[in-house]
Amino acid sequence: MTNQFESNVQSRRTFAIISHPDAGKTTLTEQLLLFGGAIRDAGTVKGKKTGKFATSDWMEIEKQRGISVTSSVMQFSYDDYHVNILDTPGHQDFSEDTYRTLMAVDSAVMIIDSAKGIEPQTLKLFKVCKLRGIPIFTFINKLDRQGKDPLALLEELEEVLGIQSYPMNWPIGMGKEFLGVYDRYRNRIEYSKTEGQDRFIPLNSDGEIDGDHPIKQDPLYDQLLEEVLLLNEAGNEFSKERIANGELTPVFFGSALTNFGVQTFLESYLEFAPSPQPRKTEEGEYVSPLNETFSGFIFKIQANMNPAHRDRIAFLRICSGQFERGMQVTIPRTGKTIRLSQSTQFLADDRTTVNDAVSGDIIGIYDTGNYQIGDTLIGGKDSYHFEKLPQFTPELFMKVTAKNVMKQKHFYKGIDQLVQEGAIQYYRTLRTEEIILGAVGQLQFEVFEHRMKNEYNVDVVMQNVGNKIARWIENEKDVNENMSSSRSLLVKDRVGQLVFLFENDFALRWFQDKHPSIRLYSLI
Ligand code: G4P
C-alpha cells in the first residue's frame with residue numbers, strides 16, 4: 001500500500017488511562033481532549049457540576065450513580081498524531097471489561113495522586129499492563145496541593161510496583177508554594193507564575209538559568225538544583241528501549257486541574273509512546289500493523305449503549321490494514337463472512353461514522369449477534385486467530401433466578417446475551433442445574449440486575465453465595481461428582497468445563513491433600 005497508509009499507521013497512539021478513583025483521570029482526559037480540540041468546554045467529559053453527563057456515561061446506571069461503568073473510547077488529533085484513549089472505570093468495583101481494555105492498547109498512562117501515592121486500583125491495573133510488557137507513562141497529579149515528597153513517590157513506584165522510573169521533570173515546590181517544574185528532557189523550567197511563551201525559561205548547558213530571574217531568589221531554586229543533581233548522579237538513566245519494553249516509566253509531575261504540565265506531558269508522551277505494535281496470533285505468527293490486509297479483534301461488546309437506538313456495539317481494535325465501510329470480513333471462529341456497513345468512531349462530542357480507520361484505531365461495529373469477545377476479523381482470505389484474551393478468575397458469586405416464573409424465556413435470553421458480552425461469568429450446578437454467576441467486582445452484579453430489568457424486562461432474585469476460589473481442572477476425567485460438597489462445589493462453566501468453587505483457602509488445601517491426583521488451575 002502507499003506511504004500514506006504507513007504514515008497514517010505511524011501517527012496512531014492508542015492508550016488506556018489507569019488510576020485509582022479520584023486521582024484525576026477524568027480531569028486529565030478532559031484537558032487532553034481540549035488540547036486535541038475534540039471538545040470545546042471543560043465539563044463535557046465530566047458533567048457532575050454542569051448537569052451534563054460524561055461522554056462515557058452511556059448507560060442508565062451510570063447516570064444514576066454519576067460514575068462511568070463501562071470502559072469507553074475517545075479519539076482526538078494533535079499535531080500529526082491521532083490518539084485513541086480507552087477509559088478504564090475508576091470506581092472501586094472492577095469488571096473484566098477493564099482488564100480486557102488493556103489488551104487493546106499499545107501503552108498506558110498511570111495517574112497518581114501526589115498526596116496518596118500508589119493506591120490499590122492502580123496496582124491491580126498496573127499488574128495487567130506489566131503482564132503485557134507495554135510502556136507505562138506516569139503522571140503524578142495535584143501538584144497544586146501539598147503532597148508526598150517527590151523522592152518518596154519515586155521510591156514507592158519502585159518498591160510497590162517494582163518498576164524503575166525516570167523523572168522527565170521535577171517539581172519546584174508544591175501546594176501554595178508550587179513554582180513549576182524543571183523539564184529535564186527539554187532543558188527548561190516551566191514556570192507557574194507566567195503565561196504563554198514566558199512560561200518557559202531556557203536553561204544553560206549546566207541546567208541553570210543564565211542571568212537574572214525572580215525564581216533564582218527563591219530558596220526553592222537552590223533546593224531544586226540540589227535535587228536535580230542528585231537525580232542526575234544517583235537516578236536511573238533515560239533509555240528509550242527500556243521505556244518501550246515497559247521496564248522504565250517516564251514520570252511527569254503536574255496538575256491536571258490547573259492545566260499545569262499537561263501539554264508538555266502530552267507532547268512527550270506522543271514522542272515516546274509506541275505506534276501500533278505487531279499482534280501475535282495463536283498460530284505463533286505476528287501480524288504487522290503495516291500489513292495491507294485488514295484484521296482486528298473484538299475486545300468488548302456492549303448492548304444498548306444508546307437506549308434510543310437499542311443497539312449492540314462490538315469494539316474492534318484494528319491490527320492491520322485499513323477499514324473501509326461496506327468491506328467484507330470473515331470471522332475464522334465461525335467461518336461466517338459479514339459486510340461491515342455500519343460502524344462508528346468515538347469522538348468526545350458524539351459518535352460519528354468512521355472515515356479512515358487504520359491499524360491502531362478502535363472502531364465500533366454494529367452487532368446483530370455475530371460476534372463474541374475475542375473474535376478475530378479478517379478482510380482477506382487468510383485464516384488465523386489473534387491470541388486469546390485472558391479470562392479472569394471471578395471471586396464473587398451469586399445464585400440467580402427469575403422472580404416471575406412466567407418470564408423464564410426472557411430471563412434465559414438476557415443471561416445468554418450478557419454472558420456472551422462478557423459482562424458476567426456463568427456457571428451451573430450439576431444436578432440441580434441452578435445458575436450461579438461469577439464476577440471480578442461487585443458492581444458487575446448490580447449492572448447485571450439493572451440491565452436484566454431495563455433491557456430484558458425481567459426482575460431477578462440474587463442470592464449471595466459469597467467469595468469463592470474458582471479452580472478449573474486439567475484432568476477432568478478423574479473427577480467425579482462425589483468430590484463435590486458445599487465447601488468444594490462442582491459446577492460447569494459456560495462452555496461445559498468443570499470448575500470447583502472452594503469456600504476458602506483452607507477448603508482448597510484440604511481438597512488438594514485429599515485428591516493429589518486432581519490438577520487444578522486458575523485463570524489470570
Ligand atoms: P477520577 O476521574 O480519577 O475519579 O478523578 P477526577 O478527575 O474526577 O478528579 C477527582 C477530584 O480531584 C475532583 O474533585 C477534581 O477536581 C480533583 N482534581 C483533579 N485533578 C486535580 C489537580 O490537579 N489538583 C487538584 N487540586 N484537584 C484535582 P472533586 O471535588 O471530587 O470533584 P469536582 O467537584 O471537582 O467535580
(message) Using the rule given for side-chain contact (heavy atoms from CB on, under 4.5 Å), can you reason through L270 versus V83, listing the C-alpha separation, both sets of side-chain angles and the distance that settles it, and then say yes or no?
(response) CA-CA 9 Å; L270 293 171; V83 184; 3.8 Å; yes

(request) Establish, yes or no, whether a centroid distance under 6.0 Å links the rings of Y191 and F260. (result) no

(request) Can you sort out the partners of Y269 under ring-ring contact (aromatic ring centres under 6.0 Å, His included), two or more places apart, ordered by chain and number? (result) F15, F137

(request) Output yes when a side-chain donor or acceptor of Q75 lies under 3.5 Å from a complementary backbone atom of I362, and no otherwise. (result) yes

(message) Within the 4.5 Å heavy-atom criterion, are K142 and L257 side-chain neighbours or not?
(response) no

(request) Could you tell me which non-hydrogen atom of Q121 sits nearest to which non-hydrogen atom of P21, and how far apart they are? (result) CB-CD, 4.2 Å

(message) Is it true that, when you exclude E395 itself, more than 12 heavy atoms of the residues, nucleotides or ligands shown sit nearer than 6.0 Å to its CD?
(response) no

(request) Using the side-chain contact (heavy atoms from CB on, under 4.5 Å) rule, take I111 and N141 through it: C-alpha gap first, then chi angles, then the decisive distance, then the call. (result) CA-CA 7 Å; I111 307 181; N141 192 25; 3.9 Å; yes

(request) Compare every heavy atom of N187 with every heavy atom of Y182, then report the nearest pair and how far apart it is. (result) OH-OD1, 4.4 Å

(message) Within the 4.5 Å heavy-atom criterion, are I373 and R100 side-chain neighbours or not?
(response) yes

(request) Drop me the distance from L33's CG to I85's CD1, to the nearest 0.5 angstrom. (result) 5.0 Å

(request) For F35 and F76, run ring pair (Phe, Tyr, Trp, His ring centres under 6.0 Å): C-alpha distance rounded to whole Å, both residues' side-chain angles, the deciding distance at 0.1 Å, then the answer. (result) CA-CA 9 Å; F35 283 124; F76 70 91; 9.0 Å; no

(request) Return the minimal non-hydrogen interatomic distance between Q10 and S275, and the atom names on each side. (result) OE1-OG, 3.3 Å

(message) For V447, run the side-chain contact (heavy atoms from CB on, under 4.5 Å) check against H450, E449, R451 and tell me which one passes.
(response) R451

(request) Look at the side chain of N259 and the backbone N and O of V262, then say whether any donor-acceptor pair between them is shorter than 3.5 Å. (result) no

(request) Please check if the side chain of R132 supplies one atom and the backbone of L102 the other of a donor-acceptor pair under 3.5 Å. (result) yes

(message) How close do L389 and F299 get, counting heavy atoms only, and between which atoms?
(response) CD1-CA, 3.7 Å

(request) For the pair N291 (side chain) and T293 (backbone), establish whether a donor and an acceptor sit closer than 3.5 Å, ignoring hydrogens and angles. (result) yes

(request) Starting at NZ of K124, measure out to NE2 of H20 and round the result to the nearest 0.5 Å. (result) 10.0 Å

(request) Look at R242 together with E237 and state whether they make a salt bridge at an N to O cut-off of under 4.0 Å. (result) no

(message) Q263 vs Y78, test: side chain to side chain donor-acceptor pair (under 3.5 Å). Steps then yes/no.
(response) CA-CA 11 Å; Q263 191 163 6; Y78 185 84; 2.9 Å; yes

(request) Determine, for E387 against R279, whether the closest basic-nitrogen to carboxylate-oxygen distance falls under 4.0 angstrom. (result) no

(message) On a heavy-atom basis, which atom in S359 and which in S320 lie closest, and how many Å separate them?
(response) OG-CA, 3.3 Å

(request) Answer yes or no: are there more than 12 heavy-atom neighbours, outside Y286 itself, under 6.0 Å from its atom OH? (result) no

(request) Give, for atom CD of E455 and atom CG of L418, the distance between the pair rounded to the nearest 0.5 Å. (result) 6.5 Å

(message) To the closest 0.5 Å, what do you measure between CG (N236) and CD (E158)?
(response) 5.5 Å

(message) Quick check against the 3.5 Å criterion: does S19 have a side-chain atom that pairs as donor or acceptor with the backbone of A23?
(response) no

(request) State, with a plain yes or no, whether a side-chain heavy atom of H82 is found less than 4.5 Å away from one of S11. (result) yes

(message) I'd like to know if R317 pairs up with D106 as an ion pair, taking the criterion as any Lys NZ or Arg NE/NH1/NH2 lying under 4.0 Å from an Asp or Glu carboxylate oxygen.
(response) yes

(request) Would you confirm whether T330, through its side chain, and P332, through its main-chain N or O, come within 3.5 Å as a donor-acceptor pair? (result) no

(request) Enter the distance from E247:CD to S239:OG here, rounded to the nearest 0.5 Å. (result) 8.0 Å

(request) Answer yes or no: is there a side-chain heavy-atom contact under 4.5 Å between N232 and R184? (result) yes

(request) Quick one: do T337 and Q328 satisfy side chain to side chain donor-acceptor pair (under 3.5 Å)? Show the steps, please. (result) CA-CA 7 Å; T337 298; Q328 290 214 335; 5.4 Å; no

(request) Please answer whether the main-chain N or O of F178 pairs with a side-chain N or O of S192 as donor and acceptor at a distance below 3.5 Å. (result) yes

(request) Before giving the answer on side-chain contact (heavy atoms from CB on, under 4.5 Å), spell out for L161 and M110 the whole-Å C-alpha distance, their side-chain angles and the decisive distance to 0.1 Å. (result) CA-CA 12 Å; L161 301 182; M110 173 166 70; 3.5 Å; yes

(message) I want to check something: taking the side chain as every heavy atom from C-beta on, are F297 and D375 in contact at a cut-off of under 4.5 Å?
(response) no

(request) Taking atom CG of D149 as the centre, report whether more than 12 heavy atoms of other residues, nucleotides or ligands fall under 6.0 Å from it. (result) yes

(request) Under the side chain to side chain donor-acceptor pair (under 3.5 Å) rule, what do Q4 and N8 come out as? Steps first, then yes or no, please. (result) CA-CA 6 Å; Q4 183 61 46; N8 278 346; 3.3 Å; yes

(message) Main chain of T264, side chain of S268: is a donor-acceptor contact present, judged purely on distance under 3.5 Å?
(response) yes

(request) Check the pair S107, F272 against side-chain contact (heavy atoms from CB on, under 4.5 Å), reporting the backbone distance first and the verdict last. (result) CA-CA 10 Å; S107 56; F272 295 112; over 6 Å; no

(message) Test your reading of the model: is there a side-chain donor-acceptor pair from R13 to the backbone of A273, 3.5 Å cut-off?
(response) yes

(request) Evaluate the side-chain proximity of I415 to M452: yes if any heavy-atom separation is below 4.5 Å, no if none is. (result) yes

(request) Supply the atom-to-atom distance T249 OG1 to L154 CG, rounded to the nearest 0.5 angstrom. (result) 10.0 Å

(message) Strictly distance-based, threshold 3.5 Å: is any side-chain N or O of Q31 a donor or acceptor partner for the main-chain N or O of A256?
(response) yes

(request) Apply ring-ring contact (aromatic ring centres under 6.0 Å, His included) to Y426 and list each qualifying residue two or more places apart in sequence or on a separate chain. (result) none

(message) Measuring only between side-chain heavy atoms, which start at C-beta, is D183 closer than 4.5 Å to I189?
(response) no

(request) Compare all side-chain heavy atoms of M103 with those of V128 and state whether any distance is below 4.5 angstrom. (result) yes

(message) Can you tell me which residue among Y185, F253, F139 is in a ring pair (Phe, Tyr, Trp, His ring centres under 6.0 Å) with F265?
(response) F139

(message) If I compare all heavy atoms of F386 with all of S295, which pair ends up nearest, and what's the gap?
(response) CZ-OG, 3.4 Å

(message) If the condition is salt bridge (Lys or Arg N to Asp or Glu O under 4.0 Å), which residues does E267 pass it with, not counting sequence neighbours?
(response) none

